[in-house]
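Here is the structure we will look at, set down as structure tokens.
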Amino acid sequence: MRNFMRRSVFFLPTLKENPAEAQIVSHRLMLRAGMIRQHAAGIYNWLPLGLRVLRKVERIVREEQDAAGAQEILMPTVQSAELWRESGRYEDYGKEMLRITDRHERDMLYGPTHEEVVTDIFRQNIKTYRDLPKMLYQIHWKFRDEVRPRFGVMRGREFLMKDNYSFDLDFAGARRSYNRMFVAYLRTFARLGLKAIPMRADAGPIGGDLSHEFIILAETGESGVFCHKGLLEMTVPSNVDYEGDLQLLVDEWTSLYAATDEKHDPGSAEVTEIADELVSARGIEIGHIFYFGTKYSKAMNAVVTGPGGEPVTVEMGSYGIGVSRLVGGIIEASHDDAGIIWPESVAPFKVGLINLKVGDATTDRMSEALYITLRKAGVEVLYDDRDERAGAKFADMDLIGLPWQLIVGPKGVARGVVELKNRATGQREEISVDAALSRLGA
RNA sequence: CGGGGUGUAGCUCAGCCUGGUAGAGCGCUAGCUUUGGGAGCUAGAAGCCGGAGGUUCGAAUCCUCUCGCCCCGACCA
């Protein structure tokens, strides 16, 4: 049996004190909980605990993308400047783009986004309307040379992002694709334990109403947001037929007022009418969906043959989720003074097993038995088998925020009970070993 | 990119003003005692004081330049 889920083996460098470099709570907790270490400004190493969370977020995002009919691909991190010259963005993008020259003096860049590359893939391989619609996505690292990276992984220069690109024959199709992603986002964020609110966003020169930012409310949010309080009560349907008409569902979620401060107009009738129901808060943008029509397909000649044999420039949209940012965002939304409180869906382990008296034959035997039983049942468990004081183990376990703590102490074992603590509620109860195991799904 | 701050042990920081060759707490190692919410005692290991120049008999300390990091603002998943 693999043993690395023993605390004595697992690489988990927790910190008792707050590193000076970290200002906001998620950044502090990620450093203290041994999830990440900074490599350079806005660039991070992910340690085992952090990587486990990142992978879980990624998996949920992937499952929901697949469910919505998108297909996963993987594009390069380093791109040729050629395509960007074609779209006109090589000059426009500015210093945020990390530009590289290879040994042959060719202009390359580390991709800040992938519209050009995906459009190139599309135009080379899809020639007929019969192959539409298509949604292609990837989960990959991007780099934007932000002037001022901050807030840990919430605003890094290198970040993991899910980016999806839709291709449709006409606007009606593009709207269907947009709606699919809209709903997929609602479901994704709900599964991550987040209350995400779609807010109308600036559609830029394209105009129209097909641009939404998905925002979670948090005191440390970067932007001010305003929304009807009814949005906070809305629930996400558990079953969605992506082949059906999603417009009603999208309408339901967009009928109530919600806007970031750049789009918010306090004097508008729309706002004054609902003054009593208006919530003003801070928010973190965790996703953005965007219809941009033929901006790239036109510039790059992404054309298919239509039903009547005519050439049709395809309609596109792009849909991003900040996967690494979400890890920080989830912590911002779910923590207390003692540390992180993971939603079970993304927790690095489900259970933290604490042996309160290492070296005591009975607690050792009981703890080992619980560890093995849980492992065999497929329950993710981190077993604190270190010879540390009880207080240190409790504090550490609270810090890393596993949903359940299973506490094995000599007094309890003598009476045939163990203690089960819920990290979120703080509630703890003494129950029999069998009851504890069944509660934990073993 | 403008403004501000800060780099001294793994972490948090003192020392700098008033130059004399490096300290504390936590962490780490060993031993003893402890053992249900980050223990106590003893003994240790650990720092080219961010880097480069300069002033000086002598620089962590003064001067110049440089690099990193953090914060506020303008920009963004």
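Bear in mind that the values here come from a model prediction, so they are computed numbers and not experimental data. Every chain is numbered from 1, with letters handed out A, B, ... down the list of sequences.
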key: Selected nucleotide, minimal atom distance to A:E96 side chain, candidates B:U12, B:A74, B:C76   = B:C76
key: Nucleotide nearest A:P410 (side chain, heavy atoms from C-beta), chosen from B:C76, B:G36, B:G38   = B:G36
Scan [X] against the nucleic acid and name what it touches under 4.0 Å (heavy atoms): base, sugar-phosphate only, or nothing.
{"X": "A:E21", "answer": "sugar-phosphate"}
{"X": "A:G409", "answer": "base"}
{"X": "A:G152", "answer": "nothing"}
{"X": "A:R32", "answer": "base"}
{"X": "A:L326", "answer": "nothing"}
{"X": "A:N18", "answer": "sugar-phosphate"}
{"X": "A:K357", "answer": "nothing"}
{"X": "A:A392", "answer": "base"}
{"X": "A:Q38", "answer": "sugar-phosphate"}
{"X": "A:A40", "answer": "sugar-phosphate"}

query = Does A:E91 CD have over 12 foreign heavy atoms under 6.0 Å away?
reply = yes
ask   = Distance-only, no hydrogens or angles: does the A:R325 side chain make a donor-acceptor pair with backbone N or O of A:V153 under 3.5 Å?
value = no
Identity of whatever pairs with [N] - Watson-Crick or G-U, under 3.5 angstrom:
{"N": "B:C28", "answer": "B:G44"}
{"N": "B:C62", "answer": "B:G54"}
{"N": "B:G2", "answer": "B:C72"}
{"N": "B:A14", "answer": "none"}
{"N": "B:G37", "answer": "none"}

key: Near-parallel close stack of A:F159 and B:A77 base (under 5.5 Å, under 30°)   = yes
Taking atom types as they are modelled, would you say the side chain of [X] forms a donor-acceptor pair with the base of [N] within the 3.5 Å cutoff?
{"X": "A:R428", "N": "B:G37", "result": "yes"}
{"X": "A:R155", "N": "B:C75", "result": "yes"}
{"X": "A:E17", "N": "B:G27", "result": "no"}

Can you see if the side chain of [X] gets near the phosphate of [N] - specifically, an N or O under 4.0 Å from OP1 or OP2?
{"X": "A:K95", "N": "B:C1", "result": "yes"}
{"X": "A:R389", "N": "B:A39", "result": "yes"}
{"X": "A:Q23", "N": "B:C72", "result": "no"}

inquiry  = Could you check whether A:R99 makes a cation-pi contact with A:Y90, meaning its NZ or CZ is under 6.0 Å from the centre of the six-membered ring and within 45° of the ring axis?
reply    = yes
Single hit among A:I24, A:L326, A:I340 for side chain to side chain contact (heavy atoms under 4.5 Å, CB included) with A:I331 = A:I340
Could you tell me how far [M] sits from [N] if I compare only their [atom1] atoms? Round to whole Å.
{"N": "B:A60", "M": "B:C49", "atom1": "P", "result": "7 Å"}
{"N": "B:G23", "M": "B:C16", "atom1": "C1'", "result": "14 Å"}
{"N": "B:C70", "M": "B:C17", "atom1": "P", "result": "29 Å"}
{"N": "B:A14", "M": "B:G7", "atom1": "P", "result": "7 Å"}

key: Pair A:F214-A:F182, ring-ring contact (aromatic ring centres under 6.0 Å, His included): steps then yes or no   = CA-CA 9 Å; A:F214 287 73; A:F182 189 104; 5.4 Å; yes
Exercise: identify the closest heavy-atom pair between A:F167 and A:L136 = CE1-CD1, 4.3 Å
inquiry  = Which is more 5' along RNA chain B, the nucleotide nearest A:M154 or the one nearest A:K411? Just name the residue.
reply    = A:K411
ask   = Do A:F122 and A:Y296 make the cut of ring centroids closer than 6.0 angstrom?
value = no
